[in-house]
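Scroll down for the structure; my scribbles are underneath it.
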There are 2 protein chains.
Amino acid sequence: MAARYEQIAAELRDEILTGVHPVGSQLPSEAELAARYSAARGTVRQAVGILAAEGLVGSRQGARRIVLGGERSQSFAELHSFAQWARSQGHVVGGEVLGQRRRKAGPAESAKLGTAEVLEVLRLRTLEGEPVLLERTVYASWIAPAVEGLPRDCESVTQALYDGVGLVFAYGEHLIDAVSASSEDARLLGVRRGSPLLRQRRITTTQEGRPVEWSDDRYRAGSVAFSIRNSIGANPLARLAL
Amino acid sequence: MAARYEQIAAELRDEILTGVHPVGSQLPSEAELAARYSAARGTVRQAVGILAAEGLVGSRQGARRIVLGGERSQSFAELHSFAQWARSQGHVVGGEVLGQRRRKAGPAESAKLGTAEVLEVLRLRTLEGEPVLLERTVYASWIAPAVEGLPRDCESVTQALYDGVGLVFAYGEHLIDAVSASSEDARLLGVRRGSPLLRQRRITTTQEGRPVEWSDDRYRAGSVAFSIRNSIGANPLARLAL
DNA sequence: GGTCTGGCCTTGTCTGTACATGTTCCCCTA
DNA sequence: TAGGGGAACATGTACAGACAAGGCCAGACC
């Protein structure tokens with residue numbers, strides 16, 4: 001059973017999404033909510049803290065909380081698993097391993113993953129049958145056997161690794177920029193060489209902080225975008241010069 | 001003076017960044033920290049909560065907190081102000097207004113900004129003299145006079161609006177994808193037509209939730225990237241199909 | 001040697017209280 | 001009518017205590 005503050009957050013989120021609290025309106029005060037849910041003020045604060053972190057409501061000391069905007073925020077799993085995301089959005093997802101081999105880790109890979117050997121996998125993902133995403137993933141050697149055991153057309157690697165060996169992806173770091181399609185990119189994604197691709201490079205670790213994979217994902221332009229909400233209080237997004 | 005929990009967070013962050021707590025090591029327990037800082041456990045939890053939200057440390061019930069990684073996280077102001085960001089990174093920043101006019105708001109703009117008239121501004125930004133960013137910004141009519149009063153080569157619009165009329169940008173929503181350079185984009189940024197650009201569309205609001213601006217920013221590929229940390233507990237990043 | 005169990009440690013959740021700090025709005029006054 | 005003062009209200013910070021839930025480890029057992 002979910003924690004009390006999660007239940008309250010879910011109810012409030014639902015009320016916002018269904019228009020009980022329209023955008024721009026004020027949320028009930030913490031005291032009112034505490035009375036309504038028969039909870040302590042601290043518990044209510046945890047609940048609205050979630051909504052604030054999601055960017056759904058804004059907070060200012062002294063003033064009532066304001067409803068900022070509609071829905072957002074996919075689960076971590078949906079972000080890390082292309083298949084889980086696509087299915088939750090109602091898309092028809094496909095994919096196939098195009099190449100897979102073990103090799104020695106380069107110095108950068110070794111530093112990122114902490115292993116001397118890596119498993120390199122090239123995957124092509126489709127939405128509604130159209131090629132959309134090209135994944136070049138490098139796995140740490142300790143997880144390589146589990147990855148090699150997966151079928152070539154495994155839809156959700158994340159799900160399969162969880163079911164198979166109980167691996168949980170817990171933390172991620174993402175670097176997002178735009179690049180030109182290389183010859184290989186262009187051929188596999190069905191676009192012209194040099195056309196724009198949205199690139200997401202990410203490193204993912206377990207709950208214990210152990211790195212699992214390092215990936216270079218390239219989306220065909222016009223197929224997918226990334227969305228982030230931020231505020232003075234919570235700013236997960238940073239800009240980097242290259 | 002900063003709040004107690006912010007002081008504690010700052011000290012811990014400093015200890016992590018200076019290697020007192022190396023990556024992969026365990027943080028002292030909440031009880032130890034509470035004793036060390038003569039604070040209640042709740043206060044310490046607020047402090048480490050900040051670090052967890054920044055992606056610096058990971059948390060699992062029952063186990064000690066783990067140090068995940070180095071620094072990150074620019075201030076909200078640095079993200080919203082190209083000039084403040086660039087200066088904090090030691091870059092030489094420049095910029096100029098290339099065009100500016102008032103016009104009627106389209107239906108989408110009217111819905112986003114809540115005004116019938118808008119001020120459209122086209123700005124070119126440079127780093128070390130090289131054109132890097134093309135900003136097409138639409139301001140709500142109530143802030144337009146203040147924007148029109150700025151000099152054409154105003155470095156930091158955000159800073160100028162704060163100094164001039166006390167306007168604070170408080171909340172933002174960002175949509176990031178990749179596009180081909182149009183003829184105009186290409187000419188102004190000094191790239192070939194059709195070459196990849198990193199596009200960031202954002203809408204920014206005040207503390208009261210009032211929309212201020214809607215902007216389409218296009219970065220030359222290879223000049224700038226965006227960075228995000230996330231975890232199972234906090235996932236600000238979402239993927240959207242187009 | 002390997003496995004299982006139980007106890008201890010640590011983080012997660014929740015309550016209740018108190019005071020600080022900032023906002024809002026009404027009323028009174030000039 | 002415009003402006004100032006202040007009370008009422010709301011969120012922010014901090015403390016203290018209690019129990020739940022899960023990880024970790026050592027000692028017992030097979």
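Atom set for the values below is all heavy atoms of this structure, side chains included, hydrogens, waters and symmetry mates excluded.
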Subject >> Boundaries of the DNA chain D segment in contact with chain A, non-hydrogen, under 4.0 Å >> reply: D:dA10 to D:dT13
**OP:** Can you pull out how bent the helix from C:dG1-D:dC30 to C:dA30-D:dT1 is, comparing the axes over its first five and last five pairs, to 10°?
**Re:** 20°
**OP:** Please round to the nearest 0.5 Å and tell me the distance separating atom NZ of A:Lys112 and atom CH2 of A:Trp214.
**Re:** 4.5 Å
**OP:** Between B:Leu27 and B:Gln207, just flag the one whose closest nucleotide in DNA chain C comes earlier from the 5' side.
**Re:** B:Leu27
Original post:
Does B:Gly62 or B:Glu208 map to a spot on DNA chain C nearer the 5' end, using the closest nucleotide for each?
Top reply: B:Gly62
Original post:
Is there any salt bridge (charged side-chain N to carboxylate O under 4.0 Å, His left out) pair reaching into residues 16-29 of chain B, and which pairs are they, with sequence neighbours excluded?
Top reply: none
**OP:** Please collect all side-chain hydrogen bond (donor to acceptor under 3.5 Å, both in side chains) contacts where either partner lies in residues 40-53 of chain B, sequence neighbours excluded, each pair once.
**Re:** B:Glu30-B:Arg41, B:Glu30-B:Arg45
Original post:
Quick one: are A:Tyr37 and A:Gln7 in side-chain contact, heavy atoms under 4.5 Å?
Top reply: no
Subject >> N/O donor-acceptor pair under 3.5 Å between A:Arg125 side chain and A:Glu155 backbone >> reply: yes
Solution key, residues 55-64 of chain B side-chain donor-acceptor pairs under 3.5 Å, sequence neighbours excluded:
residue, atom, partner, partner atom, Å
B:Ser59, OG, B:Arg65, NH1, 2.6
B:Arg64, NE, B:Leu27, O, 3.0
B:Arg64, NH2, B:Glu32, OE2, 3.4

Sequence neighbours left out, cut at 3.5 Å: what donor-acceptor pairs do the side chains of residues 19-26 of chain B make with other protein atoms?
residue, atom, partner, partner atom, Å
B:His21, NE2, B:Glu15, OE1, 2.7
B:Ser25, OG, B:Pro22, O, 2.6

Subject >> Those residues that, when tested against B:Phe82, pass ring pair (Phe, Tyr, Trp, His ring centres under 6.0 Å) (two or more places apart) >> reply: B:Trp85
**OP:** Report the residues that fulfil ring pair (Phe, Tyr, Trp, His ring centres under 6.0 Å) with A:Tyr219, sequence neighbours left out, ordered by chain and then residue number.
**Re:** A:Phe226
Subject >> Those residues that, when tested against A:Thr205, pass side chain to side chain donor-acceptor pair (under 3.5 Å) (two or more places apart) >> reply: none
**OP:** Could I get the full list of side chain to side chain donor-acceptor pair (under 3.5 Å) partners for B:Arg4, not counting sequence neighbours?
**Re:** none
Original post:
chain B on DNA chain C: first and last contacting nucleotide, 5' to 3', under 4.0 Å to a heavy atom?
Top reply: C:dT10 to C:dT13
**OP:** Specify the residues of residues 30-51 of chain A, ordered by number, for which at least one heavy atom lies under 4.0 angstrom from an atom of DNA chain D.
**Re:** A:Glu30, A:Arg41, A:Arg45
Original post:
Between A:Arg36 and A:Glu11, is the closest basic N to carboxylate O distance under 4.0 Å?
Top reply: no
Subject >> Derivation of the side chain to side chain contact (heavy atoms under 4.5 Å, CB included) call for B:Val212 and B:Trp142 >> reply: CA-CA 8 Å; B:Val212 180; B:Trp142 59 271; 4.0 Å; yes
